[in-house]
Asks: 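Starting off with a structure, shown below.
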Number of protein chains: 2
Amino acid sequence: MTTVDETEKGPRKQADRVRDMQDRLIAATVICLDRYGYSGTSISAIQDAAGVSRGAILHHYPSRQELIAATAARLLDAALRPTQEGRPGRGDGAKNLEELLLFYWRQVMNVPEGRAFIEILVACRTDEALESALSDLFTTWDAKVAETARHRFAAFTEDPDDAALLWSVARTFLRGLIIHSRFVDNPAHLENMVRRFAALISPQISLKTRAH
Amino acid sequence: MTTVDETEKGPRKQADRVRDMQDRLIAATVICLDRYGYSGTSISAIQDAAGVSRGAILHHYPSRQELIAATAARLLDAALRPTQEGRPGRGDGAKNLEELLLFYWRQVMNVPEGRAFIEILVACRTDEALESALSDLFTTWDAKVAETARHRFAAFTEDPDDAALLWSVARTFLRGLIIHSRFVDNPAHLENMVRRFAALISPQISLKTRAH
DNA sequence: GCAGACATACCGTACGAACGGTTTGTTTTC
DNA sequence: GAAAACAAACCGTTCGTACGGTATGTCTGC
């Protein structure tokens, strides 16, 4: 009778409970990083945002740093997907580079997940322990994105790696744009900068038509 | 006899003492921001880096935040100068855009002052008080830089503001490159990205020959 | 020109708050 | 009933800030 699936509430399987709790914790961490920054993302803040007790957090992640690292891993994994498979009806699978960059700006970078990840990246620069815990993840992720870019984009130069290089330049620009927001009061101006950058890069790269 | 200027040591004038102390405090703050990040730049850390007492810091700057704000103001003021007047023999007054961007990357952005300023910018996103204390400074500084860019650069479009827009795009990219460093182990690759970006933007902009 | 009043720069300590992490206790699942 | 999941009280440390006291510089009246 315990194996009967109740759709009401209170998941009974332990594996589900663990997954749900960890999802809640990571989601709360993302929200805190976006709202309060890296230093403001204390265990107490995460506790309040997730609506759980202090012990629950430390049970799944023995230290604050491991929770942050797990959050970074999940964010990287999630950011990998819209590149590989265009999510239907969400704006990816754009026909030109301006549409694609605007999609990335609106749906990947300038969202809580993107801003939270930048907080982690900036913190890694001065946090030795966090950096060493994530550096391997970063390099492999970057290589994976480069490989995807090689398949998806075509550059007008002979160098096959140029498309990947240009795509990393584009991501770098979009990340810088998050920081540049402090100088600009009007969000529309930021999108104009995206469009201007797209105009810069468009003559040098072209979207491959989806083959499959 | 008190008006006789001694060049030996021990500044007697109080105004000199104040200036020297504030210089030391701001320099120490820059070092701490670069090394330990925003959250790690505590009063204790600044105290150790400057080699002064705790009370001396709080005397000149009644709170940690005001010291950070004063540091931001000084960094912005210092960053304004190499654009207006090419410092002799330091690499500015470059002949093409690639040289100029590499100069900015090596001598302005990827230095303790540049990295420290990014820490402040990122902190402003989530620190309401710091943001409101600096937002006016940021907008006026950005406008000043744009004005300088309008005079220094010439864009190949009819829009006179396009040069300023492109220059802000370039600065945004260089700032993003500081963050992108986490993904790259080889610093030479970062300079390659600068060169690739310079190649993107070079056909669209041209350096005005210094008239004066 | 100097003595005393005043203002400013600087120092050391103390206190409240918040943090990360541990320990102990309770509930749920198998 | 044993182990895992969760809750809550607790501890040591560190932070920012405030305050009392001291040294140094500056001004004023005679």
Side-chain angles (χ1 to χ4, degrees), chain A residues 1-6 8-26 28-29 32-33 36-71 123 127 129-130 133, chain B residues 1-6 9-26 28-29 32-33 36-71 123 126-127 129-130 133:
Chain A
M1 51 183 66
T2 53
T3 55
V4 175
D5 62 343
E6 309 178 44
E8 303 179 319
K9 66 175 190 177
R12 292 171 330 289
K13 299 281 285 182
Q14 273 202 20
D16 291 342
R17 277 177 57 181
V18 170
R19 200 171 44 79
D20 286 355
M21 176 60 81
Q22 292 185 353
D23 285 351
R24 283 180 68 183
L25 293 181
I26 288 181
T29 304
C32 288
L33 283 171
Y36 314 127
Y38 181 76
S39 62
T41 303
S42 63
I43 296 185
S44 306
I46 299 173
Q47 171 183 348
D48 291 346
V52 299
S53 74
R54 198 177 196 77
I57 300 177
L58 275 309
H59 172 74
H60 290 279
Y61 303 100
S63 77
R64 171 178 172 271
Q65 186 192 104
E66 294 205 29
L67 174 54
I68 301 281
T71 303
D127 192 326
L130 189 63
Chain B
M1 52 183 64
T2 52
T3 55
V4 174
D5 60 341
E6 308 179 45
K9 67 173 191 178
R12 294 172 330 290
K13 301 281 286 182
Q14 275 203 10
D16 291 342
R17 279 178 49 182
V18 169
R19 198 170 44 81
D20 287 355
M21 175 60 82
Q22 291 185 353
D23 284 351
R24 285 179 66 183
L25 293 181
I26 288 182
T29 304
C32 288
L33 283 171
Y36 314 127
Y38 180 76
S39 62
T41 303
S42 63
I43 293 185
S44 306
I46 299 172
Q47 173 183 347
D48 292 346
V52 299
S53 76
R54 201 178 194 77
I57 300 177
L58 275 310
H59 172 74
H60 289 279
Y61 303 99
S63 77
R64 172 178 170 271
Q65 186 192 105
E66 294 205 26
L67 174 54
I68 301 280
T71 303
T126 50
D127 192 326
L130 191 62

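All values reported here derive from a predicted model rather than from experimental measurement. Numbered from 1 within each chain, the chains take letters A, B, ... in sequence-line order.
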Asks: Whether B:H60 contacts C:dC10 is assessed here as follows: a side-chain N or O lying under 4.0 Å from the phosphate OP1 or OP2. Is that the case?
Replies: yes

Asks: If you find the nucleotide of DNA chain C closest to A:A45 and the one closest to B:A56, which residue's nucleotide is nearer the 5' end?
Replies: B:A56

Asks: Nearest whole angstrom, please: distance from the P of D:dA3 to the NE2 of A:H59.
Replies: 14 Å

Asks: Show, in sequence, the C-alpha distance, side-chain angles and deciding distance for A:R24 and A:D20, and conclude whether the side-chain contact (heavy atoms from CB on, under 4.5 Å) test is met.
Replies: CA-CA 6 Å; A:R24 283 180 68 183; A:D20 286 355; 5.6 Å; no

Asks: Looking at every non-hydrogen atom in both residues, tell me the closest pair between B:A45 and B:C32 and how far apart they are.
Replies: O-SG, 3.5 Å

Asks: In whole Å, I'd like the distance from the CE atom of B:M21 to the C1' atom of D:dG25.
Replies: 15 Å

Asks: Whole angstrom is fine here: how far is it from OH in B:Y61 over to C1' in C:dT8?
Replies: 16 Å

Asks: Expressed in angstrom and rounded to an integer, what is the separation of B:L25 atom CG from C:dC11 atom P?
Replies: 10 Å

Asks: Enter the distance from A:Q65:CD to A:D127:CG here, rounded to the nearest 0.5 Å.
Replies: 6.0 Å

Asks: Once you round it to whole Å, what is the distance between C1' of D:dT24 and CG of B:D20?
Replies: 15 Å

Asks: Report for the helix from C:dG1-D:dC30 to C:dC30-D:dG1: angle between first-end and last-end helix axes, five pairs each, rounded to 10 degrees.
Replies: 10°

Asks: Can you tell me how far the CD1 atom of B:I46 sits from the OG1 atom of B:T41, to the nearest 0.5 Å?
Replies: 6.0 Å

Asks: Taking CZ from B:R24 and P from C:dA9, how many angstroms apart are they, rounded to a whole number?
Replies: 16 Å

Asks: Check the pair A:I68, A:Y38 against side-chain contact (heavy atoms from CB on, under 4.5 Å), reporting the backbone distance first and the verdict last.
Replies: CA-CA 9 Å; A:I68 301 281; A:Y38 181 76; 4.0 Å; yes

Asks: Using the test side chain to side chain contact (heavy atoms under 4.5 Å, CB included), find all partners of A:R54 that sit at least two apart in sequence or belong to another chain.
Replies: A:I43, A:S44, A:Q47, A:L58

Asks: Are the side chains of B:Y61 and B:T29 in contact, using a 4.5 Å heavy-atom criterion?
Replies: no

Asks: Round to the nearest Å and state the distance from A:L67 atom CG to C:dC19 atom P.
Replies: 15 Å

Asks: From the options C:dA9, D:dA5, D:dA7, select the nucleotide whose nearest atom is closest to the side chain of B:V18.
Replies: C:dA9

Asks: What distance do B:Q22 atom CD and B:H59 atom NE2 have between them, rounded to the nearest 0.5 Å?
Replies: 9.0 Å

Asks: Can you name the atoms? Protein N/O to nucleotides 16-18 of chain D N/O, anything below 3.5 Å, with the distance.
Replies:
from: D:dG16; atom 1: OP1; to: B:R64; atom 2: NE; distance (Å): 2.9
from: D:dG16; atom 1: OP2; to: B:I43; atom 2: N; distance (Å): 2.9
from: D:dG16; atom 1: N7; to: B:R54; atom 2: NH2; distance (Å): 3.2
from: D:dT17; atom 1: OP2; to: B:R64; atom 2: N; distance (Å): 3.1
from: D:dT17; atom 1: O4; to: B:R54; atom 2: NE; distance (Å): 3.0

Asks: What distance separates B:E66 CD from B:L130 CG, expressed to the nearest 0.5 Å?
Replies: 11.0 Å

Asks: Using whole Å, report how far CZ of B:R19 lies from C1' of C:dT8.
Replies: 17 Å

